[in-house]
Peer 1: 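Attaching a single structure in structure tokens format; questions to follow.
Here the structure is a predicted model, which means the values were calculated and not measured. Counting convention: from 1, in listed order, for ligands and their atoms alike. If you read the sequence from its start, that first residue is 1, and numbering goes on from there.
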Amino acid sequence: MKRTVLVSGGAGYIGSHVSVELSQAGYDVIIADDMSNCDDTNYKGVCRITGKEIPFYRMDFCDMDAVSRLFASEKIDAVIHFAAFKAVGESVAEPLKYYRNNLCSFMNILQASRDAGGCNVLFSSSATVYGQASRLPVTEESPRLPATSPYGNTKQICEDMLRDSVAAYKGIKGISLRYFNPIGAHPSALIGELPRGVPNNLVPYITQTAIGKREVLSIFGNDYPTPDGTCLRDYIDIVDLAKAHVCTVSRMLGSGMEDDYEIFNIGTGRPVSVLELVKGFERVNGLKLNYRFAPRRPGDVTAIWADPSKAERAMGWKAERSLDETLASAWAWEKHLAANK
Ligand code: UFG
């Protein structure tokens, strides 16, 4: 039986890769996006890679009428929610913008799922909910620490909204995936990360420096208590991460869930320092990056990486692409963008 998955924010970086993997796994995919933070590059890329005209709705998930109409007109078996703002610094400067958008949109999805008599809901959460954990790697049982930004707070609140809705409303099942640091691009180089303005995240900043769009990469802090003094993160390949969603949707649609609400870490289990990542990028792609050490960035944790073993035990998912392949794909994507300007 064909199953339909609605991907909110499906024209964005993670949503587009997830849409490709779902479609290639045989699901009917519907993409809905308000296009407030992207153009149609990734949507077109999804259609090209899959060879399908993926149904697309331009809509704002904060508009309950629009969400209700969508749920009434399509038979949706599962919904994956990506449509949210994600810039940590901006969320500190404009908290209400973040609370309004990130919470209302998800509330509307849960309401529509309830009104439809139930649905399977996958929420895109983040390792940010762990803050600076005292024990590493973090498991799903590690405590969530108070969020250090409104953005992080919306991730925690949305997790709780999903947990509570699953407990209260019959027919809703939910899974939160806590992503570590997604990087890289599809091997076709037809979809990837498209930051607007100056990138906040490390890998787009690296690739834009390499291509000459940015003059110099600042490495924020080299005096952390880590082997080389720079922060440690768990960089997860975007295609591996996208595949985790296929496993998760299949788990929700099957009968294997241990609980109607579950949480999984989606990472590699391998800590990599900022400096290692920069040097790896140089080595793999045969180039030199202009970088300098700069003061620490406020709000950064020193180190965080996943224990991803629960996802492997429960769903048979684990990260497979090597860091070298991922860093090569990030560079191929940046070059593709430059060639197709
Ligand atoms: N970094 C630099 N220079 C830059 C950008 C980043 O040195 O120009 C460093 C940061 O200081 C940090 C590391 O690179 O040590 C990774 O930073 P990112 O901004 O790429 O990623 P974060 O770990 O800060 O945040 C990411 C996502 C968040 C998510 C968080 C969860 O962007 O949405 O992971 O841990 F909440």
Side-chain angles (χ1 to χ4, degrees), residues 9 12-15 37 82 84-92 98 102 123-133 136-138 142 144-159 176-184 193 195-210 213-238 241 265-268 271-281 289-306 308 323 326-327 330:
Y13 173 46
I14 302 181
N37 200 28
F82 294 110
F85 295 148
K86 59 176 186 180
V88 177
E90 186 190 40
S91 80
V92 175
Y98 274 67
N102 293 8
F123 176 62
S124 58
S125 189
S126 164
T128 196
V129 303
Y130 295 116
Q132 180 54 76
L136 291 165
V138 286
S142 298
R144 289 190 328 189
L145 296 184
T148 53
S149 71
Y151 160 80
N153 207 12
T154 65
K155 290 293 177 194
Q156 298 202 357
I157 296 169
C158 286
E159 283 192 353
S176 293
L177 297 183
R178 291 177 176 160
Y179 311 143
F180 284 70
N181 288 56
I183 62 165
E193 197 166 3
R196 286 220 162 142
V198 182
N200 290 310
N201 299 116
L202 179 59
V203 168
Y205 212 106
I206 288 177
T207 56
Q208 289 196 6
T209 306
K213 260 168 106 173
R214 310 279 156 210
E215 203 184 314
V216 54
L217 167 76
S218 295
I219 294 183
F220 299 134
N222 62 342
D223 57 351
Y224 283 99
T226 60
D228 65 19
T230 65
C231 291
L232 297 172
R233 294 287 184 275
D234 184 334
Y235 295 95
I236 168 81
D237 181 86
I238 188 69
L241 178 125
N265 284 340
I266 301 299
T268 66
V272 172
S273 79
V274 175
L275 201 51
E276 273 178 88
L277 196 88
V278 166
K279 292 196 167 146
F281 183 86
L289 266 181
N290 187 20
Y291 69 84
R292 62 164 184 224
F293 293 111
R296 293 181 179 196
R297 183 171 70 174
D300 274 342
V301 297
T302 302
I304 180 94
W305 68 95
L323 185 58
T326 307
L327 292 173

Peer 1: Decide whether Ser126 and Arg178 meet the rule of one side-chain donor and one side-chain acceptor closer than 3.5 Å.
Peer 2: no
Peer 1: Indicate every side-chain donor-acceptor pair of residues 199-207 with a distance under 3.5 Å to a residue at least two apart or in another chain.
Peer 2:
{"from": "Thr207", "atom 1": "OG1", "to": "Val203", "atom 2": "O", "distance (Å)": "3.3"}
{"from": "Thr207", "atom 1": "OG1", "to": "Pro204", "atom 2": "O", "distance (Å)": "3.1"}
{"from": "Thr207", "atom 1": "OG1", "to": "Glu334", "atom 2": "OE1", "distance (Å)": "2.7"}

Peer 1: Are any of the side-chain heavy atoms of Ser91 and Phe85 separated by less than 4.5 Å?
Peer 2: no
Peer 1: Taking salt bridge (charged side-chain N to carboxylate O under 4.0 Å, His left out) as the test, write out the residues that go with Asp234, two or more places apart.
Peer 2: none
Peer 1: Sequence neighbours left out, what pairs pass salt bridge (charged side-chain N to carboxylate O under 4.0 Å, His left out) with at least one residue falling in residues 216-232?
Peer 2: Asp223-Arg296
Peer 1: For Gln156 and Leu145, indicate whether the former's side chain and the latter's backbone hold a donor-acceptor pair under 3.5 Å.
Peer 2: yes
Peer 1: Who's touching ligand 1 if we go heavy atoms under 4.0 Å?
Peer 2: Ser126, Ala127, Thr128, Tyr151, Asn181, Asn200, Asn201, Leu202, Tyr205, Leu217, Ser218, Ile219, Phe220, Cys231, Arg233, Tyr235, Val274, Arg297, Asp300
